[in-house]
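Atoms considered below: every heavy atom in the structure, side chains included; atoms not considered: hydrogens, waters and symmetry mates. Below, chain A is the first sequence line, B the second, and so on; all start at residue 1.
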Amino acid sequence: MTIKTFAVAAAISASLSMTAAAQDVVIGLSGALTGPSAGSYAPAIEGIRLYVDKVNAGGGVAGRKIKLIILDDQGEASKGAANATKLISQDNVSLLINSSLSSTFAPMIAATGQAGIPLLFAASACPKEVYPPANPLLFCTTAFASKFDSQATLDFITKSGGNVSLGLVAMAIPISRSEIESAEGLATVKGMKVADKAIIPPPTPDYTPFATKLSAAGANWVYAWAPWVTQVRTFEGLRKIGWNGRYIAWAHLESESELARLKDPALYAIGANALFAQDLPVQREMQATAKAAGATYPASQMTEGWIAGMVLEAALGKAGPNADAKAIQAAMQSLSVDTKGLRGGPIEWTAANHFRTRQFYRIYRWAPTSSAIEVVQDWTAYDVK
Amino acid sequence: MSDQVHPTQLSTVMLQPASRSARTIFVSALLAVAIIIFPFFATPFHLDVANQILLASIGALSLMLLTGFAGQISLGHAGLIAAGAFTAGILSKEAGAPFWIGIPAAGATGGLLGLIFGLPSLRLRGVYLAVSTLALHFIVVYAGGEYENLVGGSGGILIPPPSLWGLKINTGKAWYVLLVAGAILAFLVTWNVVRSRTGRAFAAVHGRETVAAALGINVARTKLTAFVISSSMTAIAGALFAYYRGFVSIEAFSLYLSIQYIAMIIIGGIGTLPGAFLGALFVTLLPYLIETVVAHLPGAQAMAGSIFAVNYAAFGLVMIVFLVFEPSGLVGLWRRLERRLLIGRQSP
Amino acid sequence: MQIVLNILVLGSIYSLISCGYVIIYKVSRVLNLAHGELMMVGAYLLLTTASAGWLGSPLAAIGLALVLSLTVGILVYVLLMRRMTGESVLAAVLTTIALGILIRGAVVLLWSAQHHYPATKLHIANPSIELFQNAKLSLISLILIGVTVATYAALFAFMRFGRWGLRMRATGQNALLAAQRGVNLHAVYALAWGISTFTGAVAGMLIALDSGLDSTIVMIGLKAFPAALVGGLDSLAGAIIGSIIISASEVILIQHFNPLLSDAVPFLILIAMLVIRPWGLFGTREELDRV
């Protein structure tokens, strides 16, 4: 009964979209444009929008223009679910993009699964279903990667030498806690001493008590994998009580300006995206595009969106003209996208791996001698199997 | 009787029980037709919004019973909704329990929590009671968060779509039918409670506790009854929410949700059952309304990035306007308007 | 030693915030659940005055922001809460909740949701200071403790000896009688809202100067609320004691037990208090029957 209704609806909508705009390929996006967590997603969403506009201005891809419909879910699961329903059943999108909190994943995965439409995670955390063996419908371009981030960080700490006593910092949200817990396990395997693990509730008036505990436990290296606020305020809390160890944190989009604000040479940022200090040609292009469009966010915060746009363009180009959701999904099963230096290497997808076959990391810090951000360790690759 | 009837006299004539109930029947029939034909014209998106309104109505009815009729304020409504949702989620995940077990189990959990939430009400009143329910909200949310972290994964707990008599409830339409039935059932339950002896005891306790006690009403039992019935219904609404969305995550149950429910009963009209429906309708639709308005304003592009903030500010403003200027809510507004219209129609 | 210092800093934050709850409640029996939001407004006002180049010195910026905060508090009473006098206690509390939501939205609209660093804007350095052997704190935390002590001293003196303080106490004890004796109730209430917002703003500004500013600062206001209630909603001395109890339990939990509990425990203490002694440690017992 439901299948029948759906088939009829699909047939009607297919005929409708044929007559309405046979030229356009319709892509839907539901993301945290606004709301308390918008700061991490809205710049990336703007990046995708600008990239799509740029592609359309250049004549589109495979002879078609891209019609990108962006809906705001404010990071709320029920809004994400409602958006997915609308985009799939009313706008007949051929591909859906999620740029929001992980609590919106479950309803969107369910909705796209039912409709057989590919779902791309861009700027939002990669769900475990995109790693090998991958769910055929789910894909991810986001920089950070569970377990690999901690692996790369701990490898760097080990290489830095000396007698390491490790402190770990997480925010009391599931994604951050599970990553830090996996780091704890990994450290034990590597034979590192874990001095303390601080899991910090989000609304914390004063980070000093947590810093005191880390410092008192004798940590001389601290690794934080959490939203930027928690990472940086714990660091500042540690410095306030006179701790002088080294601190490494995930390079969120704020990190570039924050490294410059704090000017602390023992604060490291590990990330998979090239910072703008690099001044790559593609970054100059991003800046010019953002300026011309009068963008709300600085181009330096749009890297995630730009990369998702590149991947989208490549997938649609490979799928060819008149490709439907199925053809686009088929094209995405094996894809290689040159990131032009925004990442350490190309994003490569295989039938079994919808994350990327190789993940690259780079580590930055503030160099007081040159008064600029410097690369401490250049691209290091990890195979994703 | 003279030929000239004074407008005010007329309005009292018009509002006499007989004509009033006739009008009530007419309005109800109209409403019933609208509810029945709605799914045939609605898009899936509209159905989804309608289902959200129905879910909110059940939650608002139960809060109306507690606050609007028994006069016990609660800031822990979101905690109770979370408790119901998590009961259904945990039972489904850990034991594969079906819908017809999950719902009563949520009701039982809610009832038990209601008893605990209600205990402070025996000693505390007004603001102090509100604070104690606020505290319990934080504790429920803490426990839910710990469970979610324990079972791992940041996507919350997934719940498969429920089946009733062999029918899978997984489309917007099926849910609409189920939720309309649920909302009617919730309405009948609250209506019966309000009209019963218990309901009159609620009103007495709401008015003056000491007087109620002097009249031979067991104040403690009345208060606890109100908490248990209301919390049980709230938890069922939470469980329905969990089944409807197909997953539970603690992030959905913030203090803001409790405030939204309080806003529903204030905006709808405190102490009236239709008010719960009107409030649920209004509060659920408000953000969509604002989005539409903002989209048609000049400079929509610039505003788009702050629509969340606009929603927040507008929601606060609407609440203030009702509290200050129309404390009897939409129901009171409707009654006044009705009276004025009737007078206007008859006078020339 | 560091732990004692941490308790002292956190306790000062809570004390400075919770006295705002107490002042309004003591005078007008209104529980102001928008206090956290008003505190946030104060901090954001500092951000604006800090950006105004013509003010010259950081002290001028802080001073102007404080005057503006006082005005905001008075305006909240004159424009909104005045209409709620005579309404039920509940309606007044709900109005403050609604006001809080309105402010949250307005703040994001006016100042964006980004993180801001007013200290950087004002060129205020925040070095680490070694107060005792192995016990350090930041300069602004030290100032925070000093300001809290000064604020409470001023409040006690004002309430005890000031003419308006006397009027405020009289209004709090019996508003009708006070009005009959010629006290201008509206002026007293407006003053209470002004002072409360002022002290809240001081707290907000110091927190923002110490560790940056974004809209999550309102949650700190909510966390200070159990402190006021544990101490007794109508007692200033109680607010200090309550704050120390809450902050000590929080810091000790973080140090020796599960840090995650630090979020729920203030409310557990609050429930325990409500069961044992609902009017708080230093509150007046009759308060319970009046609400």
Heavy-atom closest pair (A106(C) atom, A313(B) atom, distance to 0.1 Å) is N-CB, 4.1 Å
Within 6.0 Å of CZ in R83(C), more than 12 heavy atoms from elsewhere: no
Turns out that what part of L229(C) lies under 4.5 Å from chain B's heavy atoms comes down to side chain
Of the listed G105(C), A91(C), A92(C), the one with the largest count of heavy-atom pairs under 4.5 Å with chain B is G105(C)
When the 4.5 angstrom heavy-atom criterion is applied to I270(B) and chain C, the contacting part is neither
When rounded to the nearest 0.5 Å, the distance separating CD1 of I97(C) from CD1 of I266(B) is 8.0 Å
| Are there more than 12 heavy atoms of other residues, nucleotides or ligands under 6.0 Å from atom CZ of R277(C)? | yes
Correct closest heavy-atom pair for T95(C) and I320(B) would be O-CG1, 4.5 Å
The interface call for I259(B) against chain C, heavy-atom contacts under 4.5 Å, is side chain
Requested in this report: Would you mind reporting whether L270(C) and L134(B) have side-chain heavy atoms less than 4.5 Å apart?
Outcome: no
One should read off an interatomic distance between F315(B) CZ and R104(C) CZ, to the nearest 0.5 angstrom, of 11.5 Å
* To do: Report yes if the side chains of F138(B) and L222(C) come closer than 4.5 Å at any heavy-atom pair, otherwise no.
  => yes
In this structure, CE of M84(C) is separated from CG of L323(B) (nearest 0.5 Å) by 5.5 Å
Q) Between V131(B) and L31(C), is any pair of side-chain heavy atoms under 4.5 Å apart? A) yes
Can you find a heavy atom in the side chain of H137(B) that is under 4.5 Å from one in the side chain of F267(C)?
-> no
Heavy atoms of S132(B) and I271(C) approach each other most closely as O-CD1, 4.4 Å
Rounding to 0.5 Å, atoms CD1 (I101(C)) and OH (Y256(B)) come to a distance of 5.5 Å
